[in-house]
Amino acid sequence: MDLIMPVLVALLGTFLVGLIGYLVYMALSPVEENDYIDQLKEIVDDGSANDRKKENIVSKWNNYWGKLLGESEIERYALDDKEKAGREIIMLFVGVFFVSMLLLKNPVLPLAIVAVAWYVIVFYVRSASVKRTRAIEDQLSGLLFSVKSNLQAGDTNEKSLMGVVDSMPNPLREELTIGRNILLASGTFREALEAMSAGTSSNDLKFLCSCMIQAASSGASMTMQIDNIQKVLEERRRVSSEIDKAVKSVAPAMWLAGLVIPIMFVVSYFIDGAAQDFWFSTLLGWAGFGIVIALYVAGLIITKNQVDKVRNI
């Protein structure tokens with residue numbers, strides 16, 4: 001027991017440091033858009049993107065949580081108030097830490113509770129966001145059909161869009177309401193679509209808005225453009241389905257690969273006397289252990305980023 005406890009404490013501490021470091025890295029690292037979204041932004045970009053100031057740590061934190069919570073179905077964060085989201089998350093984590101400290105009277109376990117709370121929040125919010133996004137994309141075909149019918153009946157672009165909002169189911173209706181409110185406030189068709197594109201988490205809806213902006217700006221036939229959009233979205237859904245199947249098929253192997261290294265380390269430690277003499281017994285052993293953990297966490301981050309890039313093609 002005297003031999004096992006230091007190892008377990010070291011593993012727990014290292015795991016917590018790695019987990020918290022990974023979560024902080026994900027929160028503060030700049031968000032890289034995939035090529036598809038970059039191309040959509042180029043269509044509607046008016047050059048203002050080059051004038052944006054470099055974000056500081058506080059802005060990155062607020063933007064991370066504002067975007068994450070704003071794309072969920074949590075009504076409190078539906079508005080674009082990123083500072084509120086970042087501030088309330090900080091207050092939540094600090095409160096959890098001090099309450100846990102008072103109850104447990106332990107400096108390590110409160111950090112574990114905060115890390116777990118962070119992970120649970122991110123997992124829940126992202127799951128809700130993915131579910132909402134897929135629901136929106138499933139409803140786009142009905143939107144295109146209705147808008148096309150209104151255009152063929154002789155309505156303008158603005159009236160065609162506003163006329164279908166109430167007939168659409170949620171959550172797509174919520175996205176369309178943003179554009180309708182701008183049009184009712186004497187905004188332009190372009191401004192309405194840009195606001196919808198900026199406020200949605202659906203790549204397909206962003207694509208639809210970008211194409212309609214381009215068609216309206218160039219004077220092209222909106223009806224023909226909708227036909228082309230429908231074909232592209234159908235092809236994207238087919239490709240996306242194939243990618244999801246491919247990612248799910250390799251998910252077990254990824255989990256297994258992620259568990260093999262820690263399991264091998266623990267097993268080798270207990271069956272090899274030389275390993276017990278080296279790890280956690282000398283300064284060099286602790287330094288080597290820190291390097292191994294750093295490389296392991298870095299490998300997990302790189303793998304996750306690569307999978308996300310494939311998923312977001």
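We use all heavy atoms of the structure for the numbers below, so side chains are in, but hydrogens, waters and symmetry mates are not. If you read the sequence from its start, that first residue is 1, and numbering goes on from there.
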### Task
Kindly work out whether a path of hydrophobic side-chain contacts (I/L/V/M/F/W/Y, heavy atoms less than 4.5 Å apart) joins I263 to I271.
yes
### Query
For R180, which residues count as a salt bridge (charged side-chain N to carboxylate O under 4.0 Å, His left out) partner, sequence neighbours excluded?
D166
### Connected via hydrophobic side-chain network under 4.5 Å: V96 and V94
yes
### Query
Side chains of N203 and T133: closer than 4.5 Å at any heavy-atom pair?
no
### Query
How long is the span from the CG atom in L172 to the CD1 atom in I136, to the nearest 0.5 Å?
6.5 Å
### Message
Restricting to non-hydrogen atoms, name the atom on L143 and the atom on L208 that form the minimum distance, rounded to 0.1 Å.
### Response
CD2-CD1, 4.3 Å
### Query
Would M224 and L151 show up in the same hydrophobic cluster when neighbours are defined by side-chain heavy atoms closer than 4.5 Å?
no
### Task
Can you see which heavy atom on C211 is nearest to which on Q225, and at what distance?
O-NE2, 3.3 Å
### Query
How far does CG of N170 sit from CD of E175, to the nearest 0.5 angstrom?
9.5 Å
### Query
Is a side-chain donor or acceptor of D155 paired with a backbone partner of S160 at a separation under 3.5 angstrom?
no
### Task
Would you name the heavy atoms of D204 and L140 that are closest together and state the gap between them?
CB-CD1, 3.6 Å
### Query
Okay, side chain of T200, backbone of M196: is any donor-acceptor separation there less than 3.5 Å?
no
### Message
I want to check something: taking the side chain as every heavy atom from C-beta on, are F93 and I121 in contact at a cut-off of under 4.5 Å?
### Response
yes
### Message
To the nearest 0.5 Å, what is the distance between CD1 on I226 and CG on L144?
### Response
6.0 Å
### Task
May I ask whether V147 and V232 are part of the same hydrophobic cluster, defined by side-chain heavy atoms of I, L, V, M, F, W, Y residues being less than 4.5 angstrom apart, directly or through others?
yes
### Task
List the atom of A135, the atom of P171, and the distance in Å for their closest heavy-atom pair.
CB-CD, 3.8 Å
### Verdict with reasoning, R190 to S217, per side chain to side chain contact (heavy atoms under 4.5 Å, CB included)
CA-CA 8 Å; R190 180 189 180 98; S217 302; 3.5 Å; yes
### Task
Would you kindly confirm whether L176 and L184 end up in one hydrophobic cluster when ILVMFWY residues are joined by side chain heavy atoms under 4.5 Å apart?
yes
### Query
Between R238 and E234, does at least one N-O distance fall below 4.0 Å, as a salt bridge requires?
no
### Query
Got a donor-acceptor contact below 3.5 angstrom from the Q139 side chain to the M168 backbone?
no
#### Entry: From K159 atom NZ to F189 atom CZ, the distance as rounded to the nearest 0.5 Å
14.0 Å
### Message
Can you tell me how far apart OG1 (T188) and CD (E158) are? Round to the nearest 0.5 Å.
### Response
8.0 Å
### Message
With salt bridge (charged side-chain N to carboxylate O under 4.0 Å, His left out) as the rule and sequence neighbours excluded, what pairs involving residues 282-295 come up?
### Response
none
#### Entry: Exam field: side chain N181 to backbone T177, donor-acceptor pair closer than 3.5 Å
yes
### Task
Taking S197 for its side chain and L193 for its backbone only, find out whether a donor-acceptor pair lies under 3.5 Å.
no
### Query
Nearest heavy-atom pair of E174 and R132: which atoms, and what distance?
OE1-NH2, 2.7 Å
### Task
Look only at the side chain of E137 and the backbone of R134, and say whether a donor-acceptor pair between them is shorter than 3.5 Å.
no
### Query
If you measure from CE on M212 to CE on M222, what distance do you get to the nearest 0.5 Å?
4.5 Å
### Query
Which residue pairs satisfy the salt bridge (charged side-chain N to carboxylate O under 4.0 Å, His left out) criterion with at least one member in residues 217-228, sequence neighbours excluded?
K148-D227
